[in-house]
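Notes for the one structure printed next.
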Amino acid sequence: MPILPRPDVDLYYEISGEGPPLLLIPGMLSDSASWLPVIPLLTPHFKLIRVDNRATGRMQDCGPFRLEDCVKDIAALLEHLDLKEVHVAGHSMGGFLTLMLADRAPERLASISLLTSAPTNGPRNFLLFDMALRMRRDPDLPEGFWLRNLFPWFMSPAFFSNPANLDASIAASHAYPFAQTTDSMQLQLDALSGFDAAPYVKPLPCRAQAILGANDLLFSEADAKEALAPIPDLTISTIENAAHSVHWEQPHKVAEALRSFALNAP
């Protein structure tokens with residue numbers, strides 16, 4: 001199990017595949033396993049580097065932190081692995097971290113892909129996660145009730161056409177051995193609450209694209225485009241029949257968008 005010791009935490013990461021390096025940064029409530037649907041589609045083209053963020057996965061033995069600490073972890077990993085010309089893809093909050101990484105280590109990046117993410121940290125999305133945590137801690141609510149309330153925000157209507165999809169997803173979440181605890185969820189929410197996107201809305205040091213989901217409720221297509229508009233030379237595409245978890249609902253389309261953009265290939 002690859003570990004990079006940091007001053008106050010051990011950074012967990014995984015490497016697979018062959019080719020140019022592609023760093024995958026997960027979003028809120030997620031860890032390196034969140035990229036599983038696209039892994040087999042990307043490993044023939046890239047050396048994939050997947051990380052757990054603080055308070056997720058195998059990095060839940062940590063104290064309070066800021067998002068800047070997560071970025072320092074990732075920058076330290078790129079230095080440790082002596083990686084340059086790295087393609088980076090960040091989903092949701094991972095998109096925030098990607099923009100911050102571009103500011104901290106611009107010389108190491110070859111391209112940026114933001115998946116259902118935009119440089120805005122509105123109170124509605126924060127309230128959504130805060131209420132989910134409150135429901136999770138409520139002893140009077142059934143186990144998994146909080147997840148059932150979150151999934152409509154993450155998945156498109158097509159996902160719910162088969163009721164078995166929701167039940168299977170919740171069962172998989174409960175069975176996952178590195179599921180985020182309530183305390184870790186609180187730590188991550190605290191870190192998100194202090195994030196200010198404004199300093200990162202500026203020209204980027206490399207080619208960049210944003211991949212949106214047509215059914216995304218957290219970062220709607222219109223809101224995302226408005227927030228992303230100040231970033232010059234940004235390529236924006238929208239994937240149909242996909243919501244916030246775009247790489248779960250449309251893994252082939254996401255993988256192809258990452259491959260073609262990063263490798264500048266048809």
>> One pair to check against side chain to side chain contact (heavy atoms under 4.5 Å, CB included): His244 and Met28. What are the steps and the verdict?
In response: CA-CA 11 Å; His244 193 64; Met28 185 73 180; over 6 Å; no
>> Looking at Arg134, I want to see if its CZ is surrounded by more than 12 non-hydrogen atoms of other residues, nucleotides or ligands under 6.0 Å.
In response: no
> Heavy atoms, side chains only, cut-off 4.5 Å: are Leu11 and Met59 in contact?
Replying inline: yes
> Is there a side-chain contact between Met93 and Asn53 (heavy atoms, below 4.5 Å)?
Replying inline: yes
> Roughly how far, to the nearest 0.5 Å, is CG of Leu166 from CE of Met155?
Replying inline: 9.5 Å
> To the nearest 0.5 Å, what is the distance between CG (Leu42) and CZ (Arg259)?
Replying inline: 10.0 Å
>> Grouping I, L, V, M, F, W and Y whenever their side-chain heavy atoms are under 4.5 Å apart, do Leu97 and Leu187 come out in a common cluster?
In response: no
> Looking at CD1 of Ile231 and OH of Tyr200, how far apart are the two atoms once the value is rounded to the nearest 0.5 Å?
Replying inline: 12.5 Å
>> On a heavy-atom basis, which atom in Leu228 and which in Ala210 lie closest, and how many Å separate them?
In response: CD1-CB, 3.6 Å
> Considering only heavy atoms from C-beta outward, does the side chain of Asp103 approach that of Lys202 to under 4.5 Å?
Replying inline: yes
> With His247, which residues qualify under side chain to side chain donor-acceptor pair (under 3.5 Å), at least two apart?
Replying inline: none
> Who pairs with Ala168 by side chain to side chain contact (heavy atoms under 4.5 Å, CB included), at least two apart in sequence or on another chain?
Replying inline: none
>> Closer than 3.5 angstrom, by distance alone: can the side chain of Arg108 be matched with the main-chain N or O of Leu101 as a donor-acceptor pair?
In response: no
>> Whether the side chain of Asn149 engages the backbone of Phe145 through a donor-acceptor N/O pair (distance < 3.5 Å, no angle test) should be reported.
In response: yes
> Hey, are His91 and Thr116 close enough side-chain-wise for a donor-acceptor pair under 3.5 Å?
Replying inline: yes
>> Could you check whether any side-chain heavy atom of Ile15 comes within less than 4.5 Å of a side-chain heavy atom of Pro2, counting everything from C-beta outward?
In response: no
> Do side-chain atoms of Trp248 reach the backbone of Ser34 as a donor and acceptor pair under 3.5 angstrom?
Replying inline: yes
> NZ/Lys253 to CG/Leu41 distance, rounded to the nearest 0.5 angstrom?
Replying inline: 13.5 Å
>> Strictly distance-based, threshold 3.5 Å: is any side-chain N or O of Gln250 a donor or acceptor partner for the main-chain N or O of Asn241?
In response: yes
> Are the side chains of Lys84 and Glu107 in touch, meaning some heavy atoms are under 4.5 Å apart?
Replying inline: no
>> Strictly by salt bridge (Lys or Arg N to Asp or Glu O under 4.0 Å), give each pair with a member in residues 18-43 just once, sequence neighbours left out.
In response: none
>> Would a single hydrophobic cluster contain both Met131 and Leu133, if residues Ile, Leu, Val, Met, Phe, Trp and Tyr are joined by side-chain heavy-atom contacts under 4.5 Å?
In response: no
> Would you say the side chains of Arg136 and Gln180 form a donor-acceptor pair under 3.5 Å?
Replying inline: no
> So, for Ile170 and Gly144, which heavy atoms are closest and what is the spacing to 0.1 Å?
Replying inline: CD1-O, 4.3 Å
>> Under a 3.5 Å distance rule, please check whether Gln60 uses its side chain to pair with a backbone N or O of Thr181 as donor and acceptor.
In response: yes
> Within a strict 4.5 Å, meaning less than it, do heavy atoms of the Leu150 and Leu29 side chains meet?
Replying inline: yes
>> Between Leu23 and Leu83, is the side chain to side chain contact (heavy atoms under 4.5 Å, CB included) condition met? List the steps.
In response: CA-CA 10 Å; Leu23 171 68; Leu83 291 176; over 6 Å; no
>> Using the salt bridge (charged side-chain N to carboxylate O under 4.0 Å, His left out) criterion, which residues pair with Asp73? Sequence neighbours excluded.
In response: Arg6, Arg54
>> Within the supplied structure, the quantity of interest is the number of heavy atoms (other residues, nucleotides, ligands) at a distance under 6.0 Å from Asp233 CG; does it exceed 12?
In response: no
> Going through the distances and angles, do Tyr12 and Val51 end up as a side chain to side chain contact (heavy atoms under 4.5 Å, CB included)?
Replying inline: CA-CA 6 Å; Tyr12 173 84; Val51 296; over 6 Å; no
> To the nearest 0.5 Å, how far apart are CG in Leu258 and CD1 in Ile211?
Replying inline: 4.5 Å
> Are the side chain of Glu240 and the backbone of Ala214 linked by a donor-acceptor contact shorter than 3.5 Å?
Replying inline: no
> Can you name the side chain to side chain donor-acceptor pair (under 3.5 Å) partners of Ser32, sequence neighbours left out?
Replying inline: Asp52
> Passes side chain to side chain contact (heavy atoms under 4.5 Å, CB included), Cys62 versus Asp8? Steps please.
Replying inline: CA-CA 7 Å; Cys62 70; Asp8 56 346; over 6 Å; no
> Can you pull the ring pair (Phe, Tyr, Trp, His ring centres under 6.0 Å) pairs that have at least one residue in residues 52-77, sequence neighbours excluded?
Replying inline: none
> Taking all non-hydrogen atoms of both residues, which atom of Pro37 and which atom of Pro40 are closest, and how far apart?
Replying inline: O-CD, 4.0 Å
> Got a second to check how far Glu68's CD is from Phe195's CZ, nearest 0.5 Å?
Replying inline: 8.0 Å
> When you check the side-chain N and O atoms of Asp223 and Ser220, is any donor under 3.5 Å from an acceptor?
Replying inline: yes
>> What I'd like to find out is whether the side chain of Ile49 reaches to under 4.5 Å of the side chain of Leu78, using heavy atoms alone.
In response: no
> Just by modelled atom types, is the Leu218 backbone N or O under 3.5 Å from a matching donor or acceptor in the Asn125 side chain?
Replying inline: yes
> Pick one: which of Ser113, Ser260, Ser237 meets side chain to side chain donor-acceptor pair (under 3.5 Å) with Gln209?
Replying inline: Ser113
> Between Gln188 and Gly27, what is the shortest heavy-atom contact and its length?
Replying inline: NE2-O, 4.2 Å
>> For Ala118 versus Phe96, what's the shortest heavy-atom pair and its separation?
In response: O-CE2, 3.0 Å
> What are the two closest heavy atoms between Ala89 and Leu22, and how far apart are they?
Replying inline: N-CD1, 4.2 Å
>> Does the plane of the ring in Phe151 sit parallel, tilted or perpendicular to the ring in Phe159? Use 30° and 60° as the thresholds.
In response: parallel
> Side-chain contact, heavy-atom cut-off 4.5 Å: Glu14 with Arg58?
Replying inline: yes
